[in-house]
Amino acid sequence: MLLIFFSQFHLGIRFCFHMKLNLKMNIRCCQRNFSSALPPLVPIQLPSPRETHFWYMLPDEVKSVALLNRYSELLSPCERENVNRMSGDQLKKRALLARALVRTTIARYQTNCEINPRSLKFRKNIYGKPEVEWHKDDNFSPPPLHFNISHTPSMIACGVTINAPIGIDVEEKQRKLKNDIIAFAQRYFSPYEVKLLTSISDPEVRRQEFIKLWTLKEAYVKALGKGFSAMPFKTFTIQFRTSTLRCFHLPGNSVSKASEVIVESSNDPGNLTNNCLFALLEVAGSHYAAICVENDEIVRGESNTPMKLTVRKTIPFVEDVCVSGTDAVLPLRGIIEQ
């Protein structure tokens with residue numbers, strides 16, 4: 001989210017929540033056995049080393065009180081408590097859905113033992129980015145799984161990778177900004193990015209490009225495991241250039257001419273880095289989504305192969321639909337390329 005991120009590291013949702021929704025949902029806080037009325041989670045194989053899974057759900061589509069009750073049962077007491085502290089029914093619902101999406105997404109991946117989503121535990125790095133805290137014993141070898149979450153009022157998303165840190169951000173395409181975009185950019189963006197936005201004469205195009213740029217910058221700092229306070233957006237520049245290499249592969253779409261996203265540090269001008277892979281998408285016709293994953297092959301000096309991207313729309317316990325290659329997910333390019 002654009003404005004809230006300034007005050008704290010945007011992790012989508014804080015990691016401990018309590019729920020007490022006043023949506024006539026009659027959410028139960030007691031622990032009880034799962035109802036047999038809903039099917040189990042559909043298991044998914046772990047992503048390959050060069051693959052990213054992007055899951056999203058639309059809060060407005062989740063209306064069932066019984067389903068929300070089941071999501072509540074997945075949360076830890078601390079998580080439910082913090083959900084309850086949030087003001088407003090919609091905020092509480094989104095917090096619940098965000099925690100449920102994280103738990104159900106991680107739990108469905110095939111490992112050498114069955115994972116109960118309610119049993120998952122989490123920790124944070126020094127900057128507040130969440131990680132799974134696996135219980136290690138002789139019978140279980142935890143997968144090198146990384147995840148990140150982002151949300152807007154109308155979408156909640158979770159990205160998953162193996163071996164490579166990931167950062168994601170989603171923003172509403174129609175999000176209106178109260179501030180003048182150029183003044184806003186001058187406060188938080190690099191001079192190059194401000195110049196890029198100033199060169200756009202159409203106010204609507206300028207607003208759209210600002211949101212795209214924001215999602216890329218936020219995904220980048222989250223992939224690095226840092227937040228806005230640890231890595232202000234002004235300290236680096238996002239640039240686009242035409243690439244002959246495929247930066248990511250979305251089944252059903254040709255992305256051979258997609259823009260390569262490169263990052264320039266303000267501390268070392270002219271030093272452009274492409275040691276991260278980016279994907280910029282339009283999702284569900286209503287949101288922009290940015291994904292950033294460490295490009296470990298470049299770091300090791302090996303050949304650059306594209307990131308494979310699989311996108312699924314979900315309502316946990318109800319439906320999982322792979323939307324890769326459909327009109328629900330469209331790859332985007334940068335407006336100005338080097």
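What's counted below: heavy atoms across the whole structure, side chains too, no hydrogens, waters or symmetry copies.
Every residue meeting the side chain to side chain donor-acceptor pair (under 3.5 Å) condition with E61, not counting sequence neighbours, appears here in chain and number order: K313. For P43, the side-chain contact (heavy atoms from CB on, under 4.5 Å) test picks out Q110, with sequence neighbours left out. For E51, the side-chain contact (heavy atoms from CB on, under 4.5 Å) partners are P47, S48, H53, K308, T310, not counting sequence neighbours. In this structure E172 satisfies the side-chain contact (heavy atoms from CB on, under 4.5 Å) test together with T152, P153, S154, R175, H287, sequence neighbours excluded. Remark: K234 engages no residue in a salt bridge (charged side-chain N to carboxylate O under 4.0 Å, His left out) (not counting sequence neighbours). With sequence neighbours left out, S286 forms a side-chain contact (heavy atoms from CB on, under 4.5 Å) with A284. Judged as a side chain to side chain donor-acceptor pair (under 3.5 Å), and not counting sequence neighbours, Y56 has no contacts. Applying the salt bridge (charged side-chain N to carboxylate O under 4.0 Å, His left out) test to R108 and every residue at least two apart in sequence or in another chain returns D320. Every residue meeting the side chain to side chain donor-acceptor pair (under 3.5 Å) condition with R207, not counting sequence neighbours, appears here in chain and number order: E204. R206 pairs by the salt bridge (charged side-chain N to carboxylate O under 4.0 Å, His left out) definition with nothing, not counting sequence neighbours. Under the salt bridge (charged side-chain N to carboxylate O under 4.0 Å, His left out) criterion, E319 pairs with no residue, sequence neighbours left out.
Using cut-offs of 30° and 60° on the angle between ring planes, the pair F210 and W214 is tilted.
For residues 190-201, the pairs satisfying salt bridge (charged side-chain N to carboxylate O under 4.0 Å, His left out) are E193-K217, with sequence neighbours left out.
Ion pairing between K124 and E131 fails under the 4.0 Å rule for side-chain N and carboxylate O.
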Evaluation steps, side chain to side chain contact (heavy atoms under 4.5 Å, CB included), between T161 and N148: CA-CA 9 Å; T161 54; N148 196 231; over 6 Å; no
